[in-house]
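Below: one structure, written as structure tokens.
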Amino acid sequence: MPREFRIGIIGNGNIYNLAHRPAWRDIESARVVATCDVVEERAKKASKDFGIDRYYRDFRDLIKEDDIDVVDICTPSHTHAEISIRAMESGKHVICEKPIATTLGDSKKMIEASRRNGVHLFIGHTRRFDDRWVQIKEVIDEGRIGEVVNVRRTERSWAGFPGDDWHWRRENGGVVVDLGVHVVDLARWFLGEEPVEVFAKLKSIREEARVYGCYDFGVMIIYFTGGKQALLEVSWVHPKAYAPFYSSTEVIGTKGKIQHSDRDSNPAFIVDNNEVRFPMFSPLLSSMPYVFTKEFSHFLDCIENGSKPKITMEDADMALRVIVSAIKSSEEGRPVRI
Amino acid sequence: MLRFGIVGYDHPHIIRYAPTIATHRHIRLTAIAAIGLNKEMAKKDAERFGSRYYEDLEEFVSSEELDAIYIATDPSRHLEVVSKTAPKGVHILCDKPIAISLKEADEIISLAEKNGVKLMVPFNPPYQLGVIRMKEMIEKGEFGDIYNLNATKYGKIPTTIKGMDTSWFLDKSRAGFGGFADIGIHAVYGLMWLIQKPVKRVYAKIERKLYKEIPVDDIGVALMEFEGGTVGTVSAGWANPLGFPTHLDATFEVLGSKGAMVVAKPYHDFKVFDQEKTESVNWWRVDITRLVDEFVMSILENREPAITGKDARDALEVVVAAYRSSETGTEVTLPLTV
């Protein structure tokens, strides 16, 4: 009988409702014992999702509780550092949504807090648990396409967040941080090398992005050790109807290449008298919901066995490091060393 | 009927161009001059098409009275051929790149101007159906303001083309550049043609990564900024493994304020399945037929061809700038000083 982990969830908004709630309900070894949101109604409603009546408005009250092993953080990106560091200081393991943080100073403090307190800090880079990318990585590791030298990856969407949502706020970095850490981590994972230099062109296109000063579109070239490279694009600007074509991936190796695009591999499409439509599992979610279940289960296994996670806090920090450099590159109009 | 000659059997484009030219309704393929490699192949074609056969450029020029030629030598000889033929009033369809340097490109253009002959360089994108549609929609404003244009274009390394000696592709003194330029110049021209604006800045990484034993680059990525701020990317090279179902593949993408469009298959193909494998066969290459037709009609109607020497020079300039960026590790501003 494996141990039962007691989970407290901080932040009961978008990603909680779309992904974390169903995932935690799927995991037998986890029991959600408390929820927390600055909006009390949301915290209360979330607690009902798990048939409990224990919810908080202030995260400090949740992390004080002795009967909580793991804190799951689903709050706006710029708050990850403060909440996770305090949780770790209270001896809790932390599962935190990506990005790890929005500044390198914050991510460094988070990593230090994890080491100092002897607790895990897991960052939810879901791409590493998605069967599509896991299987591509397996084909790469089998050596079937030789040595991988070039990765092109695009993640495109029409961000559906309301105009006043925190995603648009400059301090959260816009799409360049939000999806940027995903594409950077994926490229680094596939190439198996470390980023050396980045050159980026970023734009603020939609009104929400212009008003709040965030970037909602960006392309970048990253040069890696071993003379490898990646051409990456992230967008919150693609029209709504484009959203089912969310990602495309091209991995070029010395003996072959791998191509994947949601456009070519969508499992179904619908034709009526007006149009052809591709069904989407969720307009706001870029991973299949099962991915979160896999990810959380893996993190709990790592706690149980003291093993190293498939995505470490250092990996997440590196993804952010590249993105911070990309922003600098775009703003200064020159390539930036990482 | 135009009296037409072919000079050079070095470029593998000859495989499709020779029969296209020979069967054109307004052309009589009078003479073939194999002044470089693949003489046997040229001789066979001369027999097949009932053309006179030469191996010496001087003899070809002095013996033949021609209206037009198609040049398929290696690009280092384009200037030599133009300097001997243009003064005789021969119109010129010169394969790409127009030359191996901007200086030679300028000389070729001025030779054509001075002698009042048409000069056209065949780039495929303007004659591929999906890309034509994209251009029409951009012109009509159906995408609104254009934020981003992307092109990918890959081919198999040309030295694997069966039945031809294409070794010059691996000799920089004859080819001018390596795989990125060979394949990517079509993509670069395609984007410039789509947006009809000059490129202001280029950043690129172009290296030999795939074929360790060759002396030239085989893959590259470039990030360009067009006048007005549109961001363009090109990923191109000899990145199609030998097992790839077709020699070439390409994509074109546009993102604007009103919509987005993807041309996923500018080269149309059909698939043949047997008990061992699946084979893709390119349809009739309508783009090549139309390119030859455009050149012929520009002569018959006495007007500028759709793709001029200047256009080809502009595309070459962006490619030269991309190589310069890759060598210096900086973003390069255009126009270049020759």
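Residue numbers start from 1 in every chain, and the chains themselves are labelled A, B, ... in the order their sequence lines are given, proteins ahead of strands.
Heavy atoms of B:Phe244 lying under 4.5 Å from chain A belong exclusively to its side chain. Contacts of A:Phe199 with chain B are made by both backbone and side-chain atoms, with heavy-atom separations under 4.5 Å. Within the 4.5 angstrom heavy-atom criterion, only side-chain atoms of B:Thr152, from C-beta onward, approach chain A. Interface remark: A:Arg152 contributes side-chain atoms only to the contact with chain B (heavy atom separation under 4.5 Å). Heavy atoms closer than 4.5 Å to chain B are found in the side chain of A:Leu231, but not in its backbone. Residue A:Arg156 touches chain B through its side chain alone, counting heavy-atom pairs closer than 4.5 Å. Residue contact with chain B, scored on non-hydrogen atoms closer than 4.5 Å, involves the side chain of A:Ser235 exclusively.
Using a 4.5 Å cut-off on side-chain heavy atoms (C-beta onward), A:Lys201 and B:Tyr203 make no contact. Counting heavy atoms from C-beta on, the side chains of B:Thr233 and A:Glu233 never come closer than 4.5 Å.
Expressed to the nearest 0.5 Å, how far OH of B:Tyr154 lies from CG of A:Asn150 amounts to 6.0 Å. Going from atom CD1 of B:Ile219 over to atom NZ of A:Lys228 covers 12.5 Å, rounded to the nearest 0.5 Å. Remark: B:Glu207 CD to A:Tyr223 OH distance equals 3.0 Å, nearest 0.5 Å.
Looking at every heavy atom in both residues, A:Pro335 comes nearest to B:Thr330 through CG-CA, 4.4 Å. Between B:Leu255 and A:Pro239, the closest heavy-atom pair is CD1-CD, 4.2 Å. Contact detail for B:Ala260 and A:His238: the closest heavy-atom pair is CB-CD2, 3.9 Å. Shortest non-hydrogen contact noted between A:Glu250 and B:Ser235 is OE1-OG, 4.4 Å. For the residue pair B:Lys209 and A:Val149, the shortest heavy atom distance occurs at O-CG1, 3.7 Å.
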Query - A:Glu147/B:Lys212 under side chain to side chain contact (heavy atoms under 4.5 Å, CB included): CA gap, chis, key distance, verdict - result: CA-CA 11 Å; A:Glu147 193 188 336; B:Lys212 300 278 189 278; 3.6 Å; yes
Report task. Run the numbers on B:Asp249 and A:Lys257 for side chain to side chain contact (heavy atoms under 4.5 Å, CB included), then give the verdict. Result -> CA-CA 12 Å; B:Asp249 73 328; A:Lys257 74 173 175 178; 3.5 Å; yes
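A donor-acceptor contact shorter than 3.5 Å links the side chain of A:Lys203 to the backbone of B:Gly229.
Most heavy-atom pairs under 4.5 Å with chain A: of the set B:Arg201, B:Glu225, B:Lys205, this distinction falls to B:Lys205.
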